Amino acid sequence: MATHTSRQWMVTHEWMLKGNRQSEWIEKRGILLWLAFYCGGLGGGLYLVSLFFNNLWGMIVGWVIVAVLKGSFHFAFLGKPARFWRMVFHPQTSWLSRGLLFVLSFTGAAFIQIILSLTLPGSPLEILFKVVAGIFALAVATYTGFVLNKVKGVPFWNLPILPVLFVIGGILGGFGLTVGMGIFNDQINLHAAENWSRVFLIIDVLLISIYLALAARKDETGKKSVLYQLKGGLAVIFWSGVVLAGAILPFIITFYSYFAGDAAPGLIITAVICEIAGGMLLRYCLLKSAIYSPLIALKA
Amino acid sequence: MRWGMVINLSKCTRCHACVAACRIEHFLPLHITWPRLIAWETSKEQGVEVTTYPVRCNHCQNAPCVEVCPTQATQKRADGIVWVDQDKCAGCRYCVIACPYQNRTFLSRDKNPGYFPGYPPTRFEKMGKKLYPHQEGTTEKCNFCMERIDRGLAMGLKPGIDRDATPACVNTCQARALTFGDLDDPESAVSRLIKQHKGFQLHPEFGTDPSVFYIDPGLANAPSNVAPEGSTTGCHIQHLSTMEARAKAIFQAGRGEEK
């Protein structure tokens, strides 16, 4: 059989048969969407963790990550940014529409809550807005998983565990940032934050493993996606970024801190940076390794 | 009423006329093609052959693109045609991602550099900007030539039968591999073809119920698309088949001389 190099004219026509990867949401301006998706998880997660520790600065940072960073990335990604307001009109079936409503609701509720926390701390109104903003923060951290999960043509995404993975990853990032803030803020219970961070790190690693195992078993295309991540073009990013930086290094540092008592602030900050980078790269890998089921099933 | 198309794989001569007709009809930008001809190599005893599948938007009854579009720019009409209102599209590309058939394209600036980049637009392009403007930053796809259908129906014509009410790709197909008509009418040509030749849809397991059906009556001993002995499909297939054989012979002779 002739090789493709001798038949370059054909290559462009074959892309629908080889199980090609999606590119719109990860290449060129798609990078902005990856960052936006990650900011949703991180900001929402940080806000929830900050509610847990009653850490006002964490809530403010979480709000900034969602409202300013995530919002700006989404805005810059759109082909027609001036029409973004139209995106709220189809929440009946569109997860992007629901997501925008979650982000807007969170932004409004959390803003009022932060003002109330500064002016009327402990008031019933503040508690009410904390609950409302907390619910929307959870929705912001979760919805991107449903956005991807809805895509039937990509078996790698079409798994019910994906939204769970996204929200756990977001909360893990939130705990990481809280630990980092705890070094400079005495009001945060650093030991408790570290303990929770360890628990969520273990849950996250288990979820990633289960997710990849389920995707590989789903069908041939799902297996291709997993192999692309583990052995193919994404192997370096996955093993060095997601596994080494995102899991093993924070694991070593956090357990050193557990047994040695207190770890040096430099080590803790390193663990936090590694955790954040790992979370970002995990989402990068999830978006980048999304392969479509071939349009026409060719006989082997 | 549900407009649909039947593609006879055995008749398709992979001439790309449907792609060109669509480009002309809709003044498509340089790197945009609504219908596509996907091709792959099949090994035959005599050597390598090419097998093709003409694909386009399937105008699904349960269209994932309609479902996921946050702005409702992608809509499904009562007659089953799925179309994009470019004035509403915000360019989020969710529909591009969600289409399991990968038949949508986001029109970015790099896909629309002009037919001759660096030179003034051609008269064709200038006319296109007036008659069929394409908005950068939005999504595009085949719309079954709904303008032709609507105009034709208003004139009392019948889509699929009268040329002025029929999609351009169907009109131009010299092999008559494309048939257009009402899938809800059991007596229409498309319904009869589907029934007679066991028409199938791509990826029915997704539950999208496409309005584009494929038939493969084995007329040309598919998937090679080379007309068999005694085919009554049309002389053009035999002609192309002969041309292919001649081209192969010339190619092989050329390689022999090189050695």
Side-chain angles (χ1 to χ4, degrees), chain A residues 1-4 6-7 9-18 20 22-25 28-30 33 74 77-101 147-148 150-154 157-158 287 290 292-299, chain B residues 9 14 16 33 36-44 47-53 55 64 66-74 85-110 135-139 202-203 205-208 214 223:
Chain A
M1 184 180 282
T3 60
H4 288 152
S6 65
R7 289 175 172 267
W9 60 272
M10 272 189 59
V11 175
T12 50
H13 303 282
E14 280 193 323
W15 61 276
M16 284 171 155
L17 302 155
K18 300 273 179 175
N20 63 301
Q22 74 86 15
S23 59
E24 289 290 351
W25 277 6
K28 296 179 185 171
R29 273 169 74 176
L33 198 81
H74 272 302
F77 169 74
L78 290 177
K80 294 280 183 193
R83 296 178 188 166
F84 86 95
W85 56 273
R86 286 187 178 275
M87 294 176 71
V88 299
F89 291 136
H90 204 202
Q92 303 93 318
T93 58
S94 173
W95 272 103
L96 265 193
S97 199
R98 288 171 194 167
L100 181 61
L101 287 172
V147 167
L148 302 182
K150 191 82 183 167
V151 180
K152 290 175 186 167
V154 178
W157 286 347
N158 199 222
L287 289 169
Y292 281 97
S293 297
L295 195 58
I296 293 146
L298 296 181
K299 284 175 190 165
Chain B
L9 294 170
R14 55 183 186 262
H16 283 83
T33 43
R36 294 169 178 150
L37 204 62
I38 56 173
W40 65 97
E41 290 177 344
T42 43
S43 187
K44 289 275 160 183
V48 176
E49 283 187 0
V50 175
T51 297
T52 54
Y53 251 78
V55 294
V66 176
E67 206 177 305
V68 302
C69 178
T71 62
Q72 291 182 308
T74 299
D85 183 345
Q86 289 200 306
D87 290 332
K88 285 186 181 172
C89 178
C92 69
R93 286 92 130 180
Y94 197 9
C95 56
V96 179
I97 299 287
C99 174
Y101 307 103
Q102 304 157 69
N103 270 318
R104 287 176 156 255
T105 314
F106 177 72
L107 180 56
S108 51
R109 192 165 290 174
D110 60 336
Q135 290 189 39
E136 283 177 13
T138 61
T139 301
L202 294 179
H203 282 302
E205 74 276 14
F206 290 143
T208 50
Y214 292 85

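As the structure is a computational prediction, the values presented were derived from the model and not from experiment. What you see below is based on every heavy atom in this structure, not just the backbone, and it leaves out hydrogens, waters and symmetry mates.
Here A:His90 contributes atom NE2 and B:Thr74 contributes atom OG1; the two are 10.0 Å apart, rounded to the nearest 0.5 Å. How far CD of B:Gln72 is from CD of A:Gln92: 6.0 Å, rounded to the nearest 0.5 Å. Atom OG in A:Ser97 sits 11.0 Å away from atom OH in B:Tyr94 (nearest 0.5 Å). In this structure, B:Ser108 OG and A:Arg29 CZ are separated by 9.0 Å, a value rounded to the nearest 0.5 Å.
Proximity of B:Val96 to A:Trp25: side-chain heavy atoms (C-beta onward) are nowhere separated by under 4.5 Å. Contact check for B:Ile97 versus A:Tyr292: side-chain heavy atoms found under the 4.5 Å cut-off. Side-chain atoms of A:Arg83 and B:Thr138, non-hydrogen and from C-beta on, do get closer than 4.5 Å to each other. Between A:Leu295 and B:Tyr101 the shortest side-chain heavy-atom distance falls below 4.5 Å. A 4.5 Å side-chain heavy-atom check between B:His203 and A:Lys152 finds every atom pair outside the cut-off.
The choice from A:Leu100, A:Val88, A:Leu96 that makes the most heavy-atom pairs within less than 4.5 Å of chain B is A:Leu96. Interface summary for chain A: among B:Cys99, B:Pro64, B:Ala98, B:Cys92, the most heavy-atom pairs under 4.5 angstrom belong to B:Cys92. Chain A forms more heavy-atom pairs under 4.5 Å with one residue of B:Gly137, B:Ala90, B:Pro100 than with any other, namely B:Ala90.
Judged as a salt bridge (Lys or Arg N to Asp or Glu O under 4.0 Å), and not counting sequence neighbours, the contacts of A:Lys150 are B:Glu67.
For the side chain to side chain contact (heavy atoms under 4.5 Å, CB included) test with A:Lys80, the passing option among B:Gln135, B:Glu136, B:Lys88 is B:Gln135; the others fail.
For a residue to count as touching a neighbouring chain, one of its non-hydrogen atoms must lie under 4.5 Å from one of that chain's; by this rule A:Trp157 touches chain B with the side chain only. In this structure, the portions of A:Val147 lying under 4.5 Å from any heavy atom of chain B include both its backbone and its side chain.
Across B:Phe206 and A:Gly153, no two heavy atoms sit closer than the pair CZ-CA, 4.0 Å. Scanning both residues, B:Asp87 and A:Arg86, for their nearest heavy atoms gives O-NE, 4.1 Å.
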Apply side-chain contact (heavy atoms from CB on, under 4.5 Å) to residues B:Arg93 and A:Leu33 and explain how you reach the verdict.
CA-CA 11 Å; B:Arg93 286 92 130 180; A:Leu33 198 81; over 6 Å; no

